[in-house]
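Chain letters run A, B, ... following the sequence lines, proteins first and then strands; every chain starts at 1.
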Amino acid sequence: MIKVLNVAEKPSVAKSVATILSRNQLRVRDGRSRYNKIFEFNYSINGQQCHMLVTSVTGHLMEVEFEDRFRKWHSCDPADLYTAPVRKYVPEDKLDIKRTLEEEARRCHWLVLWLDCDREGENIAFEVMEVCKGVNRNLTIRRARFSALIERDIHEAAQNLIAPNQWFSDAVDARQEIDLRIGASFTRFQTMLLRDRFVIDSAQDDRNLVLSYGPCQFPTLGFVVERYWEIQSHEPEEFWTINCTHRSDEGLASFSWMRGHLFDYTSSVILYEMCVEEPTATVTKVQQQEKLKYPPYPLSTIELEKRASRYFRMSSEQTMKVAEDLYQAGFISYPRTETDSFSSRTDLHTIVQEHQEHPVWGSYAQRLLDPGAGLWRNPSNGGHDDKAHPPIHPTKFSAGESRWSQDHHVVHFLILVSTCAWQSFFSFWSNLVIMALNEFLKFSYSHFLQRLYELVVRHFLACVSQPAVGAETVVEIDIAGERFSASGRVILAKNYLDVYRFESWGDSMIPTHVQGQQFIPATLTLDSGVTRPPPLLSEADLLSCMDKAGIGTDATMHDHIKKLLDRFYVTKDANTRFSPTNLGEALVMGYDDMGYELWKPNLRSLMEYDMKEVSVGNKSKAEVLATCLQQMKACFLDAKVNKVKLLEAMAIFFNRSDRSNGDDSSALGENVRPCGLCQEANMVLKKNRDGNFMVGCSGFPQCRNAVWLPGPVLEATITNNICNSCTPGPVYLIQFKFRQLEIPPGFNVNHLGCIGGCDETLRQLIEICGTGSRVQARGRPPTTTPSNGPPTTTPSNPQRSNSRQAPCIYCYQTGHASTDCPSRISATRHVQSHGMNQQNGESSIPCSTCGTPCVLRTANTANNRGRKFYSCSSQACNFFVWEDSLNNGSAPRSAPRQNISSSASNPSRRGGRGRGVQNAGRAGDVTFVSATGEPISGRRCFVCGDPSHFANACPSRGS
DNA sequence: GCAAGGTC
């Protein structure tokens, strides 16, 4: 009889395969590893009688590592790690499994590999082959390919054995080697570069701190930082919208403007006035239709993690731990699966039947099985199948509640561990306190088990249920050519929502309307709101980002998130939302400033693409390894050359350490000109701790003379060229490089500029972009204050000093609302009282922010070419106001507006209607119309306040 | 001391 050694990827699969093939007629014995049993039985393969031994590994049997002489961190230059020899070996904790395989393989004729049918599984198959062939060269080796652990598939796989796929395995070999080389080189490089140079306050002992870099963890960090910067750089923008209500016997209907909202106040007012003048509403459309809300797809790992985070605020790591325990105890199926569709051969009814007796959802399960109820529906297909595991579903009934804490060994194990730990650390505590804590732990953990089990069961029952049905009514009306709509919904059948309590679908009544009907609105208001930034990334958002970009696998995503927390790169708040720490932000900022996208997902995506090419035979492993490692080594060497960028970014957030040898000071600090204020020292080029460039007197703090440079400056280098016109000289010209995306169209990225006052380009850029837009976009107040800080003669940009508080949208000051902005009043007042000569550059109007005289200038940007504005003559002050906005009395603006914006298509403009009620008053007193259509009181022009006309006819606006 | 991928 042929002896066949069968090896599965994990003990559970070995058990399932053996049970199915033997029809449960098998013997079990121990191997050398306590987890990996050996099952024995007889079975016929293609008519050949076989004695089957089925055992398992636990995932990868081998690891890839550098040879010993490269393993110490100081043993070599990290750049050498791109070429240092690596080896694959069986680590200490897997030697038991290796010995079992060797012992059994010696006695067998065939080796059949039952590893998971994905690339990693194929690679593990080759690891198993290597070990087995090492002791028995005559083995016949075959691969079993199965798509689910169900009877038909497993028997089919056993009768149709194939050859292992070398390409699949090669792809994984390449990935492992690339991950190791990139990860180890960058981790050693940035740890050794930064750890001793800065006081990194997040770490208890920063001498042992590891600043790891990994091709998965860094893009994950990148997602968190990018969202954080997006929030920091968000500029609130005020918008206006018209709302209207209609009261009838059946109740109140609220109509919203089908334009959404406009960002232009005057346009909004004109449209609003047209509505007020002819307020009769005509119903143009009444549409009624049936709407379905579908149940979710069957549950994959990522969906389980996302939903547990959303519904229970469990971290993905917690979820996977609890799911693993539920799986080990037999309550749910294998929890690491990409599959979100059930095989047609899965017996779904039997799973539902098991739950008929449940005290809470049992009656729902009964209704599902009752053909007369019509509740059953075959689950939809989510389109993913890992060919190894079914979607996560319940496999054993539990009534839950009190039984969890009694019958689950995990809880007892945890309690044991915790008791030992607490007793050893806090031996002075009374037993009573320890018991109380244990009870709490027992309760919390059983609570998690219970909630996750409930989610898996309810999700499964929802999947096999009919969608919820609603009747939706949409009513559209027309007022003076403007269209408004309102909608209502009545739930006709809740169906799956009866069991899936985590989702809701609200009823909202709308009174009956008929086409052609006319009415006078109960209210017609012009409301305003401001755009708001998107929220910080939640754990579910982060998982979605990773999933979409292909960062990590279903089984490892939670590990990458946990790694960021462990490395102090990010923190998570009570709402499961992530913010970068100073450390995380500084690292991303450093690489960003180098111009590398090492913190973006593209690198991993490219690697994944190459792996795919290897796995289908289009490229060889050697070819991909060579090109990828060559590129990464070049990138690494470049990063070493540009390490000053990392140091500068770190310096923004952290104090230099005493251990620092100080050899990395930036090349800044050269003289630009003699200081005209103190006439003693020189002005020098500096980059301050917020990352902004400035030229300050080296006599600081005695002399506080300073010239701030535009926010978009990326690089600034002093040249030998001298300005011909500025005094006192010599004033050396500076070669600037601006960040392309931050300067308006029409400006060059490269600019040879003078800080002496003659440079129109610099002046315009400061007026338009400010001196700290980069920091507004990414910075936060530093936690420490270096002793050699830059001069601060002038008020710094208020947004910089209080970046988390929403500033006024007109003057960027905090402490007052935009509606109460003093700059709007003072700017107008100044123009009137000083009788200004409106010629370019001639004015004595004091700036309303700092008191320095303003000058009248002409904009030269694409959007506003030729438009005039007043700006403060102090280069350190950002104040400016458009001339035309003063003339017509509307608000001064700091940036060009877009007249009409689609809030749905532009995420930066998502926003609420924060101040609708207060701002209704800005539309004059005409916020209500009477039943006869006459405005109640106080009609007047919204621009100049004259009651004799409306704004669209206001003489101050001209034609 | 470093990666990411399996798994108990």
Need one value for [X]: base, sugar-phosphate or nothing, where a base atom within 4.0 Å counts as base even if backbone is also close, heavy atoms only.
| X | value |
| --- | --- |
| A/P11 | sugar-phosphate |
| A/E127 | nothing |
| A/G121 | nothing |
| A/F218 | nothing |
| A/D559 | nothing |
| A/E9 | sugar-phosphate |
| A/Y213 | sugar-phosphate |

d([atom1], [X]; [atom2], [N]) in whole Å:
| X | N | atom1 | atom2 | value |
| --- | --- | --- | --- | --- |
| A/D68 | B/dG1 | CG | P | 13 Å |
| A/L629 | B/dA3 | CG | C1' | 13 Å |
| A/K37 | B/dT7 | NZ | P | 20 Å |
| A/M607 | B/dA4 | CE | P | 10 Å |
| A/M62 | B/dA3 | CE | C1' | 19 Å |
| A/K88 | B/dG5 | NZ | P | 14 Å |
| A/I124 | B/dC8 | CD1 | P | 11 Å |
| A/L61 | B/dA4 | CG | P | 22 Å |

query: A/Y82 ring centre to A/K633 NZ or CZ under 6.0 Å, with the angle to the axis within 45°?
result: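 No, cation not above the ring by the 6.0 Å, 45° rule.
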
message: Is the terminal nitrogen or CZ of A/R567 (NZ for Lys, CZ for Arg) located under 6.0 angstrom from the six-membered ring centre of A/Y569 and within 45° of that ring's axis?
response: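 Negative - A/R567 is either too far from the ring of A/Y569 or too far off its axis.
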
query: Would you say the side-chain atoms of A/N36 pair up with the backbone N or O of A/S56, donor to acceptor, closer than 3.5 Å?
result: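 Here the side-chain-to-backbone pair exists.
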
A/E613 backbone acceptor or donor facing A/N618 side chain under 3.5 Å: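 No; zero donor-acceptor contacts below 3.5 Å.
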
field: Validation row: A/H384, A/T339 side chains within 4.5 angstrom (heavy atoms)
entry: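 No; the side chains remain at least 4.5 Å from each other.
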
- request: Go through the N and O atoms of the side chain of A/E65 and the base of B/dC2, and report whether any donor-acceptor pair is under 3.5 Å.
  value: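 Pair found.
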
Using OP1 and OP2 only, check whether a side-chain N or O of [X] sits under 4.0 Å from [N].
| X | N | result |
| --- | --- | --- |
| A/R567 | B/dC2 | yes |
| A/R604 | B/dG5 | yes |
| A/S185 | B/dC2 | no |
| A/R336 | B/dT7 | yes |
| A/Q217 | B/dA3 | yes |
| A/K563 | B/dA3 | yes |

Closest nucleotide among [options] to the [X] side chain:
| X | options | value |
| --- | --- | --- |
| A/L180 | B/dT7, B/dG5, B/dA3 | B/dA3 |
| A/T556 | B/dG5, B/dA3, B/dT7 | B/dG5 |
| A/H560 | B/dG5, B/dA3, B/dC8 | B/dG5 |
| A/Y35 | B/dC8, B/dA3, B/dG1 | B/dC8 |
| A/T187 | B/dA3, B/dT7, B/dG5 | B/dA3 |
| A/T553 | B/dG5, B/dT7, B/dA3 | B/dG5 |
| A/F66 | B/dT7, B/dC2, B/dG1 | B/dC2 |
| A/E324 | B/dG5, B/dC2, B/dC8 | B/dC8 |

- prompt: Between A/R119 and A/E608, is there a salt bridge with N-O shorter than 4.0 Å?
  reply: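 Yes.
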
- request: Taking only heavy atoms on the protein side, list every residue of residues 166-175 of chain A lying under 4.0 Å from any atom of DNA chain B, sorted numerically.
  value: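 Contacting residues: A/R175.
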
- request: Take A/E177 and A/A555, find for each the nucleotide of DNA chain B with the closest heavy atom, and name the residue whose nucleotide sits nearer the 5' end.
  value: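 The residue whose closest nucleotide sits nearer the 5' end is A/E177.
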
message: By nearest heavy atom, map A/V210 and A/V57 onto DNA chain B; which one lands nearer the 5' end?
response: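 Checking each residue's closest nucleotide, the 5'-ward one belongs to A/V210.
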
- prompt: Step by step, would you call A/Y591 with A/Y596 a ring-ring contact (aromatic ring centres under 6.0 Å, His included)?
  reply: CA-CA 6 Å; A/Y591 286 113; A/Y596 295 133; 7.5 Å; no

query: Can you list the residues that meet the ring-ring contact (aromatic ring centres under 6.0 Å, His included) rule with A/Y334, with sequence neighbours excluded?
result: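 Partners of A/Y334 by the ring-ring contact (aromatic ring centres under 6.0 Å, His included) criterion, ordered by chain and then number, come out as A/Y327, A/H389.
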
query: Would A/W73 pass as stacked on B/dG1, i.e. its ring centre under 5.5 Å from the base's six-membered ring centre and planes under 30° apart?
result: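 Stacked: ring centres under 5.5 Å, planes under 30°.
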
- request: Only one of A/F654, A/F653, A/F198 passes side chain to side chain contact (heavy atoms under 4.5 Å, CB included) with A/L583; say which it is.
  value: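 Testing A/L583 for a side chain to side chain contact (heavy atoms under 4.5 Å, CB included) against A/F654, A/F653, A/F198 leaves exactly one candidate, A/F654.
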
- prompt: Taking only residues two or more places apart in sequence or in another chain, which ones pass side-chain hydrogen bond (donor to acceptor under 3.5 Å, both in side chains) with A/T55?
  reply: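 For A/T55 there are no side-chain hydrogen bond (donor to acceptor under 3.5 Å, both in side chains) partners, ignoring immediate neighbours.
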
